[in-house]
Amino acid sequence: MKTGPLSAKLVVRVMPSVVAASQVALEELQALLTTEPRALYSFATGATYQTMLLSLHRLVVDGRVSLATSYVTHLDEYLGFAPDQRGGMVHELCAACPSMLSLLRRGTFLPVPGVGSKTALAQHEARLLQLHLPRLQFLGIGRNGHIAFNEPGALHSQGFHVTKLAATTLQDAAARFAPAAVPTHAVTAGPASILSAKRLLMCAFGLGKAAAVRAMLEGPIGPECPAAWIRQHPDVLVLLDPLSASQLQNTVVVHG
Ligand code: F6R
């Protein structure tokens with residue numbers, strides 16, 4: 001198993017704060033939206049991107065960024081969830097960035113089909129392909145090393161598929177669904193789908209992510225830590241804060 005970075009271009013930046021890192025992530029998107037306004041952009045859901053998504057919404061409202069001609073999608077959805085269902089990924093993305101609601105209404109926000117049938121997933125993949133795949137894929141990492149909902153043990157070759165959520169993933173989502181139970185299964189972009197995006201932008205913040213970040217950047221590339229597969233992609237930016245970077249030992253990082 002290979003342990004060194006394989007990416008032609010893997011840049012790891014340690015920013016002084018979550019706010020500073022979120023600003024860099026937003027600027028990446030802003031720059032691409034200017035040069036490639038008709039492209040497809042794919043978001044990750046969760047706490048990591050709340051700051052960036054709120055800032056994106058403000059820029060759209062102020063007229064400084066336009067999503068009018070762009071296409072938007074995301075990584076994963078709880079099995080059986082409709083796009084407007086509370087607790088679901090589309091609902092969460094639109095709550096964090098309400099400007100996305102108008103894209104949803106006009107059909108330029110492509111929800112991951114929560115129904116999870118082979119036909120629906122094949123249609124979704126075909127649509128992404130028709131739009132030339134995501135120009136930029138935002139990613140977060142689970143504390144167990146998952147990307148999207150590819151839990152440890154995932155298959156590298158998989159496209160969109162239905163998966164069972166790991167125990168730590170269920171624990172981490174508990175507050176979001178309380179007092180109801182967390183759904184146990186989800187539809188997710190597979191490693192192959194994620195690696196097909198043109199550029200990957202991974203953000204990870206906080207001490208709780210430090211071990212997973214180390215496994216992602218310095219551990220074996222394989223199913224033990226699905227996030228480590230990003231090292232096989234030719235164009236990756238990883239944005240960390242000092243806490244999430246605190247266990248790195250031999251990764252070359254740029255400060256700021
Ligand atoms: C969700 C997703 C997940 C999260 C990860 C981190 O769409 O892709 O892999 O990015 O679980 O979640 P947060 O950001 O809540 O720590």
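This one's a predicted model, so the numbers in the text were calculated from it and none came from an experiment. Whatever order the structure lists ligands and atoms in, that order sets their numbers, starting from 1.
Of all protein heavy atoms, the one lying nearest to atom 10 (O) of ligand 1 is Gly140 CA, 3.2 Å. The protein non-hydrogen atom at the shortest distance from atom 6 (C) of ligand 1 is Ile141 O, 3.4 Å. Scanning all protein heavy atoms for the shortest distance to atom 15 (O) of ligand 1 gives Ala47 N, 2.9 Å. Protein heavy atom in closest approach to atom 3 (C) of ligand 1: Ala148 O, 3.6 Å. The single protein non-hydrogen atom nearest to atom 2 (C) of ligand 1 is Asp76 OD2, 3.4 Å, given as residue, atom name and distance. In terms of protein heavy-atom proximity, atom 4 (C) of ligand 1 is nearest to Thr45 O, 3.7 Å. Given atom 5 (C) of ligand 1, the protein heavy atom at minimum distance is His146 NE2, 3.5 Å.
Using a 4.5 Å heavy-atom threshold, the side chains of Ile230 and Val238 count as touching. Side-chain atoms of Leu207 and Ser244, non-hydrogen and from C-beta on, never get closer than 4.5 Å to each other. The side-chain heavy atoms of Val112 and His74, taken from C-beta on, include a pair separated by under 4.5 Å. Residues Phe149 and Lys164 have side chains not in contact (no heavy-atom distance under 4.5 Å, counting atoms from C-beta outward).
Identified under the side chain to side chain donor-acceptor pair (under 3.5 Å) test for residues 193-206, with sequence neighbours left out: Glu28-Arg199, Arg199-Asp235. Among pairs with a residue in residues 103-127, none fulfils salt bridge (charged side-chain N to carboxylate O under 4.0 Å, His left out), at least two apart in sequence or across chains.
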Do Tyr41 and Leu33 pass the side-chain contact (heavy atoms from CB on, under 4.5 Å) test, and can you show the C-alpha distance, the side-chain angles, and the key distance before you say yes or no? CA-CA 9 Å; Tyr41 297 92; Leu33 283 168; 3.6 Å; yes

From CA spacing to verdict: side-chain contact (heavy atoms from CB on, under 4.5 Å), Met202, Phe138: CA-CA 6 Å; Met202 159 67 75; Phe138 290 98; over 6 Å; no

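Under 4.0 angstrom from ligand 1, the non-hydrogen atoms of Leu75 all belong to its side chain.
Considering both main-chain and side-chain atoms, Met89 never comes within under 3.5 Å of ligand 1 through any nitrogen or oxygen pair. Considering backbone and side-chain atoms alike, Tyr49 places every N or O at 3.5 Å or more from each N or O of ligand 1.
Short contacts between ligand 1 and Gly46, defined as distances under 4.0 Å to a heavy atom of the residue, involve ligand atoms 14 (O), 15 (O).
A salt bridge does not link Glu92 with Arg86: every distance from a Lys NZ or Arg NE/NH1/NH2 to an Asp or Glu carboxylate oxygen is 4.0 Å or more.
Comparing heavy-atom distances from atom 14 (O) of ligand 1 across Leu139, Thr168, Thr48, Asp172 singles out Thr48 as nearest.
Within the 4.0 Å heavy-atom cutoff, Lys209 counts among the residues contacting ligand 1.
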